[in-house]
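This report refers to the structure that appears directly beneath it.
Numbered from 1 within each chain, the chains take letters A, B, ... in sequence-line order.
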4 protein chains.
Amino acid sequence: MSTTDPAGQTSARGRRADAVRNEQALLAAAAAVFVTSGVDAPIREIAARAEVGIGTIYRHFPTRAELVVAVYRHQVEACAEAGPRLSAEADSPFLALRRWVDLLIDFVVTKHGLADALQPGNSAFEALHTYFLDRLVPVFTQLLDAAVQAGEIDPGTEPYELMRGIGNLCIGHGSDPRYDPRRLVDLLLNGLRPTGTS
Amino acid sequence: MSTTDPAGQTSARGRRADAVRNEQALLAAAAAVFVTSGVDAPIREIAARAEVGIGTIYRHFPTRAELVVAVYRHQVEACAEAGPRLSAEADSPFLALRRWVDLLIDFVVTKHGLADALQPGNSAFEALHTYFLDRLVPVFTQLLDAAVQAGEIDPGTEPYELMRGIGNLCIGHGSDPRYDPRRLVDLLLNGLRPTGTS
Amino acid sequence: MSTTDPAGQTSARGRRADAVRNEQALLAAAAAVFVTSGVDAPIREIAARAEVGIGTIYRHFPTRAELVVAVYRHQVEACAEAGPRLSAEADSPFLALRRWVDLLIDFVVTKHGLADALQPGNSAFEALHTYFLDRLVPVFTQLLDAAVQAGEIDPGTEPYELMRGIGNLCIGHGSDPRYDPRRLVDLLLNGLRPTGTS
Amino acid sequence: MSTTDPAGQTSARGRRADAVRNEQALLAAAAAVFVTSGVDAPIREIAARAEVGIGTIYRHFPTRAELVVAVYRHQVEACAEAGPRLSAEADSPFLALRRWVDLLIDFVVTKHGLADALQPGNSAFEALHTYFLDRLVPVFTQLLDAAVQAGEIDPGTEPYELMRGIGNLCIGHGSDPRYDPRRLVDLLLNGLRPTGTS
DNA sequence: AATGAATGAGAGTTCATTCAT
DNA sequence: CATGAATGAACTCTCATTCAT
């Protein structure tokens with residue numbers, strides 16, 4: 001809504017009411033369509049669902065990546081912000097890490113095609129990829145480092161790499177009951193533990 | 001891999017020589033184009049590179065999946081056949097497993113977009129996916145079981161799931177020096193080891 | 001805010017003027033092309049003649065049948081509406097029938113390939129066929145019945161069948177001066193008359 | 001030199017046995033395919049059914065029309081030859097005419113798409129059209145003239161035109177139980193009768 | 001003579017993107 | 001600002017016809 005929103009990136013400051021409304025409709029529509037048809041869904045489909053002209057999409061989100069980023073921004077932010085909180089709450093750094101990764105998986109796994117789109121080299125989504133990592137890798141690094149400090153996992157693993165690995169394991173889930181990313185990520189985290197540890 | 005064929009034993013009779021030559025050209029071209037533009041590359045691009053008419057592709061490979069399967073068949077076969085051999089040669093079942101997985105990674109990693117195409121639900125590539133798994137999962141299962149038997153890894157992991165996980169970790173490598181699937185797969189395999197083991 | 005729109009009475013509002021103009025151009029172009037190349041003419045040919053992009057045709061007429069129907073709608077309507085009028089005006093029901101059939105022939109005969117397209121089983125034109133018959137058979141039935149009532153023709157002929165017969169007789173005229181559908185239709189109508197009548 | 005075949009158009013004189021065999025197979029196959037898929041059926045379909053290479057069709061029948069003509073030659077001939085016979089046998093010239101027309105309808109109606117192909121302007125089938133009319137119009141003329149002579153029908157109708165009309169009425173039959181060419185042709189012939197005659 | 005591989009024009013269709021209104 | 005019509009490139013697939021073997 002158009003309340004005072006000092007920190008809002010997509011704020012309503014000085015914008016026409018209809019423009020703001022459209023942007024919201026667009027975001028909602030895109031989120032819905034992404035679930036159904038993936039982030040590659042035809043733009044028309046999104047415009048139609050938002051009951052908005054095609055041109056309006058282009059005005060608000062000149063590239064598809066910008067739209068995707070906008071759609072997921074809230075959740076990315078929430079995920080990022082959960083890091084420190086879990087750190088404080090959990091019984092151990094490793095458990096904090098694990099729970100955060102659960103959040104991450106929840107996020108990625110429910111977005112049909114998101115993991116795919118996150119691949120670098122997917123030129124249209126470069127921006128998405130960048131935003132995603134820029135925001136989350138630091139958080140992840142914190143959690144990882146803490147666990148290393150605590151001696152719960154071995155050092156030597158790059159957060160960036162590990163995070164992309166986790167993301168990749170989330171690809172293609174959904175259609176296939178025999179594939180559960182969570183189990184594999186567990187294995188992966190388990191692989192980080194120091195030898196001789198439970 | 002088929003060796004040079006100076007005397008053309010495979011040529012068979014009649015027009016076959018041409019056809020064989022074209023099919024080879026097609027496979028080579030497709031392999032090359034797949035690297036550049038992914039397995040989704042326009043048919044025309046492949047035809048052009050093979051210096052062959054479009055129709056010729058359709059004659060040899062009526063569906064895209066057939067072409068992709070053909071392109072990778074040799075390597076899939078080689079990989080499958082390596083399983084038992086490594087089993088026999090290696091110092092331990094786990095090492096055999098690890099070395100086989102290395103081969104698998106080598107294969108998948110060098111094929112731009114292959115891992116992507118292997119996702120189920122990618123209707124056009126269902127056949128590829130099926131072929132790939134039908135051929136390799138049994139081999140992988142053997143290796144895994146042997147390591148379990150030997151007590152080198154914990155039981156309870158589904159080969160199918162694990163193999164898809166490995167495949168997924170290979171996605172998107174190449175453009176990014178900071179991402180090495182091999183390290184992550186190592187972690188994954190490490191995660192399989194019984195607690196309290198080196 | 002209507003910009004330069006000197007004579008735009010049909011313009012309605014917004015972009016509609018353009019769309020209307022294009023639709024007209026399309027209908028005109030299609031009509032012309034149908035004469036030359038039949039109703040099976042390549043879509044591109046029609047687009048080119050209308051000086052319009054291919055997509056524009058698809059926007060206005062998603063299926064070929066819709067285009068064909070649109071092209072001939074005016075004339076089908078005119079023909080349908082002429083039935084009652086002729087009924088009232090003509091000196092006898094049979095003469096009304098005859099004159100209406102003349103209109104029908106005029107219409108069908110000047111459309112190269114229309115009669116062809118009207119064949120059932122011509123899947124792409126099912127809609128056209130349906131529309132055509134739905135609209136005209138009732139009219140024809142009225143005229144026929146009236147003539148039967150008046151004792152001017154024998155009963156027992158199905159309007160549907162007869163009308164399709166008339167349509168068929170119109171096929172292939174045009175290229176051949178020795179073939180005149182009108183004479184044959186006359187014969188056909190003559191064949192309906194009660195024996196012993198002029 | 002194989003058999004002595006003085007009257008055979010497609011004779012086997014001095015031709016290789018396999019060539020003759022192929023031609024027969026081709027004719028049979030084409031006849032069968034024409035029934036299923038119409039005279040426009042893909043050439044490959046015919047070749048496949050004849051278990052013959054595509055090239056072989058082109059060798060024997062360089063144009064599609066030649067193939068169609070060859071396929072129907074026997075029946076056209078039979079039809080042509082039936083004219084004089086019916087003339088002699090029937091109780092009246094008109095009855096002879098009527099029975100001959102029945103034969104004609106039988107022939108045309110059972111050939112899916114033949115009537116269509118007989119349209120002039122159908123460039124590919126010009127030859128067919130020509131052959132068909134050249135052979136049958138004279139016969140038809142004889143029958144018609146005889147009936148005129150006998151006073152059973154009015155003079156003034158061109159045989160050519162009438163015959164094409166009959167052919168046209170046969171179009172599109174088959175898929176539609178409500179359309180029976182025979183009834184319409186009856187009407188047409190009835191229309192030829194002198195006024196005041198049964 | 002027979003074969004069938006190769007060719008490539010041509011038709012249909014979709015969709016991102018621009019731009020007049 | 002919003003709209004959605006227009007555009008046309010891009011892609012798939014089919015099939016008549018040629019021609020090397």
Side-chain angles (χ1 to χ4, degrees), chain A residues 15-23 40-45 47-48 51-60 62-64 124, chain B residues 11 13-23 26 40-45 47 50-60 62-64 124, chain C residues 1-5 8 11-23 26 40-45 47 50-60 62-64 124, chain D residues 15-23 40-45 47-48 50-60 62-64 124:
Chain A
R15 294 211 289 150
R16 273 167 50 167
D18 57 346
V20 174
R21 219 177 311 123
N22 275 339
E23 189 158 319
D40 286 320
I43 283 198
R44 290 188 139 68
E45 196 178 333
E51 297 184 296
V52 137
I54 298 175
T56 305
I57 290 199
Y58 278 93
R59 164 173 296 271
H60 286 279
T63 72
R64 183 180 289 265
Chain B
S11 71
R13 59 201 127 205
R15 217 346 171 59
R16 217 44 163 258
D18 252 52
V20 170
R21 214 176 312 126
N22 271 336
E23 188 157 323
L26 236 19
D40 284 320
I43 285 194
R44 278 187 152 73
E45 191 178 338
E51 297 185 296
V52 136
I54 300 168
T56 304
I57 288 200
Y58 279 95
R59 163 175 294 272
H60 287 280
T63 70
R64 184 180 289 267
Chain C
M1 52 193 103
S2 62
T3 48
T4 38
D5 187 6
S11 70
R13 58 201 126 205
R15 226 325 174 68
R16 216 46 163 254
D18 253 53
V20 170
R21 215 176 311 126
N22 271 336
E23 188 157 321
L26 236 19
D40 285 318
I43 284 192
R44 282 183 155 75
E45 192 179 338
E51 297 185 296
V52 135
I54 301 169
T56 304
I57 288 200
Y58 278 96
R59 164 175 292 273
H60 287 280
T63 70
R64 183 180 290 267
Chain D
R15 296 212 288 152
R16 276 167 48 168
D18 57 346
V20 175
R21 218 178 311 122
N22 273 338
E23 190 159 318
D40 286 319
I43 283 199
R44 290 188 138 70
E45 196 178 334
E51 296 185 296
V52 136
I54 297 175
T56 305
I57 290 201
Y58 277 92
R59 164 173 295 274
H60 287 279
T63 72
R64 183 180 288 264

Look at the side-chain N and O atoms of [X] and state whether any lies under 4.0 Å from the OP1 or OP2 oxygen of [N].
X	N	answer
D:His60	E:dA1	no
A:Arg44	E:dA16	no
C:Arg64	E:dG12	yes
D:Asn22	E:dA1	no

Using Watson-Crick or G-U wobble geometry with both distances under 3.5 Å, which nucleotide pairs with [N]?
N	value
F:dT7	E:dA16
F:dT12	E:dA11
E:dA1	none

Taking atom [atom2] of [N] as reference, at what distance in whole Å does atom [atom1] of [X] sit?
X	N	atom1	atom2	answer
C:Ile43	F:dT12	CD1	P	19 Å
D:Glu23	E:dA2	CD	P	9 Å
D:Asp40	F:dC15	CG	P	12 Å

Taking the side chain of [X] as heavy atoms from C-beta outward, which of [options] is closest to it?
X	options	result
D:Ala19	F:dC1, E:dA2, F:dA16	E:dA2
B:Tyr58	F:dA6, E:dA16, F:dT14	F:dT14
C:Ile54	F:dT7, F:dC13, F:dA9	F:dA9
D:Pro42	F:dA16, F:dA2, F:dT7	F:dA16

Atom [atom1] in [X], atom [atom2] in [Y]: separation rounded to 0.5 Å?
X	Y	atom1	atom2	answer
A:Arg44	A:Ile57	CZ	CD1	10.0 Å
A:Ile43	A:Ile54	CD1	CD1	8.0 Å
A:Arg21	A:Asp18	CZ	CG	5.5 Å

* To do: Work out which heavy atom in C:Ala41 is nearest to a heavy atom in C:Glu45; give both atom names and the distance.
  => CB-OE1, 4.1 Å
* **Where A:Asn22 and A:His60 come nearest, the two heavy atoms and their spacing** => CB-NE2, 4.0 Å
* Between C:Pro62 and D:Ile57, name the one whose nearest nucleotide on DNA chain E is closer to the 5' end. => D:Ile57
* Structure fact -> The residue, D:Gly53 or B:Gly55, whose nearest nucleotide of DNA chain E is more 5′ is D:Gly53
* To do: On DNA chain F, check which nucleotide each of B:Ala41 and C:Arg21 is closest to and give me the residue with the more 5' one.
  => C:Arg21
